[in-house]
Protein chains: 2
Amino acid sequence: MALGVREHVADSSRIDILRAAASCFMERGYTATSIDDVARRLGATKGRIYHHFPSKADLFAEVFRYGMDINFEALAPYRGMAGPALVRWRRMAKAHVLQMIDTKPFQRAVWLGVEMHLRGATTPEQRTVFNELIAYRDRYGAQFRETLLQAREEGAFRFDSPSIASQLMFMTLNSPIFWYSPRTGETRADIEAIADQVVDYAQGGLCKEQGTLK
Amino acid sequence: MALGVREHVADSSRIDILRAAASCFMERGYTATSIDDVARRLGATKGRIYHHFPSKADLFAEVFRYGMDINFEALAPYRGMAGPALVRWRRMAKAHVLQMIDTKPFQRAVWLGVEMHLRGATTPEQRTVFNELIAYRDRYGAQFRETLLQAREEGAFRFDSPSIASQLMFMTLNSPIFWYSPRTGETRADIEAIADQVVDYAQGGLCKEQGTLK
DNA sequence: TTGACAACATACCGGGTAGTATGTTCATCA
DNA sequence: TGATGAACATACTACCCGGTATGTTGTCAA
């Protein structure tokens, strides 16, 4: 506690690095991003980064972890929420979409991390760290899948394969990280309207009724 | 014509390189893929690749172009198709999804190319080549958007922002390039069933009617 | 005041990679 | 049949990047 100020300064510096790294990873991908790139964005040099993170892979992992941390926080208010599953699902979905918009660089990094893990582009040691992060991410996804199945039982959703439905749903809810970019003079209400459109689309897709047109 | 055989052999070798390159780009991304990686996958050396393509960027561009070429071919049967726009849309959408599944490596490369272009990760000279390819891809997307708007006029679809609707639709229809992978013993009918689920989801999302639940 | 340490910056090294320059082989054609 | 060039393989270079080893500076506790 006596060193509270010092620690706070150090933590702030760490988070600045994470933010810069997330933006770089978003703009150029993992491999194409050099440590010097991240340092340059900070107006600093490699020394600063390697003082806080042992390696590039570790830096990336921390960006991933931070991104998932704030995702869990955004979803926390709806854990164990009473009432119809569909209502809870809508609240969760909108919170998720807004999160994608508000913290795009970190969410792109999470996406990158999942991709890298799927194609096994990691060394055996990094593998254990990655496995933990992927498990972390799966726990997050499980909250949605659970609500999804519950809503189906309550008759609000009707889909065949839960796994495909889940993939399509996440694809929709995550998609703003690829196509959203802020407009000049955009208000918070505008952003919420976009989020609502995304959630509506997903909801419509999850209670398909047609399919009779061959 | 006298050299038809020779040309055919050369073309075949070229396409083999394109296929290997597409797979490598899919598995490791653009930057992390080395020319030696592609050569190794072919059981060859760099010489073979640089004999057919002047640079790594050009190789990638040709993979992109080939991917779009076969996309246009897959959609050709439905150009100017008569009848309701919704029916045409469903045919086009299903053809697109099947194409994503059948030629995944090339489609992932196209995705990569669009991402690279969006973040301007190209040299000025490559820029003109890329601009052409992106325009090529936009022409492809325009076929869908046109049908989309027509279907809305006919009352089959109802969405607010055409641009967001288009983004969400393509996100859905493209998504198999990220999550689909062939199962052992999978029949063509199984694949078509998956494609139908994807198309149904997109259709449901495009004619949302709810949204009254806040 | 002083030593000690955190928080960086600077200088450097080794491995990997895009691209090139130069063989080598084999089919084709005059 | 000999020459020519396509279709590669081999050998090499220059450069970039991850990582390390070593300064330098400001701050805080004693």
Side-chain angles (χ1 to χ4, degrees), chain A residues 1-21 24-25 27-63 112 116 121-126 129-130, chain B residues 1-21 24-25 27-63 112 116 121-126 129-130:
Chain A
M1 284 305 145
L3 293 179
V5 176
R6 243 182 133 98
E7 283 170 2
H8 180 266
V9 170
D11 264 20
S12 162
S13 176
R14 229 184 89 99
I15 292 182
D16 284 344
I17 296 175
L18 288 179
R19 262 194 285 265
C24 287
F25 288 139
E27 289 172 8
R28 318 185 191 194
Y30 177 76
T31 325
T33 295
S34 73
I35 299 291
D36 286 310
D37 285 335
V38 180
R40 202 172 305 130
R41 177 175 286 249
L42 287 165
T45 64
K46 286 160 91 152
R48 177 167 171 194
I49 293 169
Y50 278 103
H51 179 71
H52 291 275
F53 304 93
S55 72
K56 181 182 176 182
D58 281 278
L59 171 60
F60 179 77
E62 288 307 305
V63 172
L112 270 179
M116 288 170 61
T122 45
T123 67
E125 341 143 301
Q126 310 292 358
V129 180
F130 255 77
Chain B
M1 286 306 143
L3 293 178
V5 175
R6 240 180 137 99
E7 284 170 1
H8 181 265
V9 170
D11 265 21
S12 161
S13 176
R14 230 184 90 98
I15 292 181
D16 284 343
I17 296 175
L18 288 178
R19 262 193 284 266
C24 287
F25 288 138
E27 288 171 10
R28 317 186 192 194
Y30 177 75
T31 324
T33 295
S34 72
I35 298 292
D36 286 310
D37 284 336
V38 180
R40 204 173 305 128
R41 178 176 285 251
L42 287 165
T45 65
K46 285 161 90 150
R48 177 169 171 191
I49 293 169
Y50 277 102
H51 179 71
H52 290 275
F53 303 93
S55 74
K56 182 182 174 182
D58 281 277
L59 171 60
F60 179 77
E62 288 307 304
V63 172
L112 270 179
M116 289 171 61
T122 45
T123 68
E125 341 145 300
Q126 308 293 355
V129 180
F130 254 77

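Keep in mind it's a predicted model, so treat the numbers as computed, not measured.
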Q.
Side-chain N or O of A:H52 versus OP1/OP2 of C:dA6: is the shortest distance under 4.0 Å?
A. no

Q. Considering heavy-atom distances to DNA chain D, does A:A32 or A:P54 have its closest nucleotide positioned more toward the 5' end?
A. A:A32

Q. Given atom CZ of A:R14 and atom P of C:dA6, what is their separation to the nearest angstrom?
A. 16 Å

(Q) Can you see if the side chain of B:H51 gets near the phosphate of D:dA7 - specifically, an N or O under 4.0 Å from OP1 or OP2? (A) yes

Q. B:F53 CZ to C:dG19 P: how many Å, rounded?
A. 14 Å

**Q.** Student check: side-chain heavy atoms of A:R14 and A:E62 closer than 4.5 Å
**A.** yes

Q. Is B:D16 close to B:R19 at the side-chain level, that is, under 4.5 Å between some pair of heavy atoms?
A. yes

Q. What is the ring orientation for B:F60 with B:F130, classed by angle as parallel under 30°, tilted 30 to 60°, or perpendicular over 60°?
A. parallel

Q. What is the distance, rounded to the nearest whole Å, between atom CG of A:D36 and atom C1' of C:dC12?
A. 13 Å

Q. Once you round to the nearest 0.5 Å, how far does OG1 of A:T31 lie from CZ of B:R28?
A. 10.5 Å

(Q) According to ring-ring contact (aromatic ring centres under 6.0 Å, His included), who are the partners of A:F53, at least two apart in sequence or on a separate chain? (A) none

Q. What's the CD1-P distance between B:I35 and C:dT17, to the nearest Å?
A. 11 Å

Q: Between C:dG19, C:dT17, D:dG18, spot the one nearest the side chain of B:K56, thanks.
A: C:dG19

Q) Does the side chain of A:R41 come within less than 4.5 Å of A:E27's, by heavy atoms? A) yes

Q) With a 4.0 Å cut-off on heavy atoms, is A:T31 in touch with a base, just the backbone sugar-phosphate, or nothing at all? A) nothing

(Q) Let's see if you get this right: which residues in residues 38-50 of chain B place a heavy atom under 4.0 Å from DNA chain C? (A) B:K46, B:Y50

Q. Phosphate oxygens OP1/OP2 of D:dC8: is one of them under 4.0 Å from a side-chain N or O of B:S13?
A. yes

